[in-house]
Amino acid sequence: MNEIHFYNRRTQLLSMMEDGVAIITSAPIQTRSNDTEFPYRQNSDFYYLCGFKEDNSILVLTKTAESIRTYLFVEAYNAEHALWNGARLGVEGSRERFSVDEVHDIASYKEMMQEILREHINLYIDLYNDSPRLSEAKNAAQTLHSMRGVKRHVRAIHDVTYLVRSLRLIKTPEEIDMIKKAISITTQAHHEAMRVCKSGMKEYQLQAAMNYVFLSNGASAEAYGSIVAGGNNANTLHYVDNRDDLRDGDLVLIDAACEWELYASDITRTFPINGKFSGAQCEVYNAVLDVQLKVIDSIKPGVKRDWLQRYSEELLCDALITLGVLHGERQALMDAKEHKKYAPHGIGHWMGLDVHDPCPYVDESGESLAFEAGMVMTIEPGLYFRADDESVPERYRGIGIRIEDNILVTENGYENLSAMIAKSVEEIEGMCNQL
Ligand code: GLY
Ligand code: MN
Ligand code: MN
């Protein structure tokens with residue numbers, strides 16, 4: 001993404017701040033075991049504001065009535081680090097690459113914070129992050145507080161993530177392109193899984209087939225832990241074990257997608273392992289699909305998210321009545337939350353730099369947000385009938401189905417960004433039986 005996009009975002013954030021200082025830190029390195037680490041993944045808020053992907057770096061923005069200033073603190077180039085882990089951009093390289101006002105060695109951060117925080121009243125940090133770097137900033141503020149010559153001190157600490165994540169809610173065309181790229185690779189991966197799936201395979205073999213598509217197309221990684229759930233495993237919502245057999249006559253639910261330049265996709269398809277839906281599977285599948293299509297079709301600017309949630313629950317409750325799983329009046333069943341037993345999760349979530357983008361769901365007054373063009377969300381209804389659940393007609397037991405697409409709100413309605421992934425019974429059976 002071009003440097004101008006990061007510059008514009010910092011300008012937007014500064015315009016939302018009172019006079020003060022904002023500090024956003026990079027993600028820490030996470031140990032996997034002993035002295036080996038998980039692949040590094042930058043903090044999404046930090047990346048959103050400056051595009052820098054290295055660890056041990058800090059972005060600082062300052063604002064007074066007269067001026068604004070941006071600082072990036074980075075690790076200096078180090079030959080030993082370059083030998084073992086690769087060269088860092090370093091202070092000079094970062095100065096050339098990024099359009100911040102000042103780049104400094106991270107080693108000078110602690111000392112410089114006393115200068116930077118001087119005479120500022122408001123401090124904006126991630127309140128829920130226990131980074132030692134934020135403690136260092138607070139210590140610097142405390143030192144200034146006790147200095148007689150300093151006239152103004154930090155008196156208020158604000159959550160900077162709320163401001164950044166409010167900006168992240170509306171995606172720019174460049175961000176939408178990133179998401180579309182992730183989805184286009186994910187599309188190939190889901191189609192590959194449908195084509196290669198055979199009874200007798202293991203769940204992890206489908207995962208491996210998809211990961212091959214992700215990595216060989218340059219995607220950074222799975223956007224989240226892949227769920228490849230054969231048969232009754234689909235009724236465990238966060239099933240990530242993926243080690244079971246794929247059995248003839250069962251469905252497999254795959255919730256897997258890749259990340260492109262830190263932008264996520266999040267797609268679920270459920271299809272027959274042997275390539276042909278049974279009658280009972282087809283009934284449940286089409287019930288979920290019908291709900292999903294209706295919910296997607298109701299999306300347009302102005303519609304409120306809590307209305308969409310309610311509408312999806314009504315449709316799922318109706319589907320459960322039609323399937324003969326629930327009996328009685330929809331309203332009474334919903335009041336008693338009977339439908340929740342078989343449809344326990346929400347209809348969807350924001351998606352962007354994080355698969356579950358942590359953007360606000362309500363406005364400042366606590367009202368559910370109304371959709372606006374540029375928002376991206378998942379729509380993912382599901383019905384889950386456990387194999388041992390005797391409240392469910394026998395023919396449906398052991399069936400778990402979720403169908404998930406990624407939807408962009410547009411000026412006039414919506415665009416289903418993942419519309420090209422096989423979804424109807426006919427499309428899926430066609431793809432499963434393609435040679
Ligand atoms: N893959 C996680 C979710 O659908 O929310
Ligand atoms: Mn998902
Ligand atoms: Mn999702």
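Every number for a ligand or one of its atoms is a count from 1 in the order of the listing.
In summary, His356 places no N/O/S atom under 2.8 Å from the Mn ion (ligand 3), failing the contact criterion.
Legend: side-chain hydrogen bond (donor to acceptor under 3.5 Å, both in side chains) pairs involving residues 30-39, not counting sequence neighbours: none detected.
Side-chain polar atoms of Asn8 and Gln12 form no donor-acceptor pair below 3.5 angstrom. Neither side chain, Glu192 nor Gln188, offers a donor N or O lying under 3.5 Å from an acceptor on the other. Of the N and O atoms on the side chains of Asp297 and Tyr414, at least one donor lies less than 3.5 Å from an acceptor on the other residue. Side chains of Asp55 and Tyr40: no donor on one and acceptor on the other come within 3.5 Å.
Listed as neighbours of ligand 1 are Tyr224, Asp255, Asp266, His349, His356, Glu380, Glu404, each bearing a heavy atom under 4.0 Å from the ligand.
Judged as a side chain to side chain donor-acceptor pair (under 3.5 Å), and not counting sequence neighbours, Ser26 has no contacts.
Residues His238 and Tyr224 place their aromatic rings such that the two centres sit no closer than 6.0 Å.
Side-chain contact between Arg310 and Met334 is present, with heavy atoms from C-beta onward closer than 4.5 Å.
Annotation: Tyr7, atom OH; neighbour count of heavy atoms from other residues, nucleotides and ligands within 6.0 Å does not exceed 12.
Of all protein atoms, those that are N, O or S and lie under 2.8 Å from the Mn ion (ligand 2) total 4.
Using cut-offs of 30° and 60° on the angle between ring planes, the pair Tyr361 and Trp350 is parallel.
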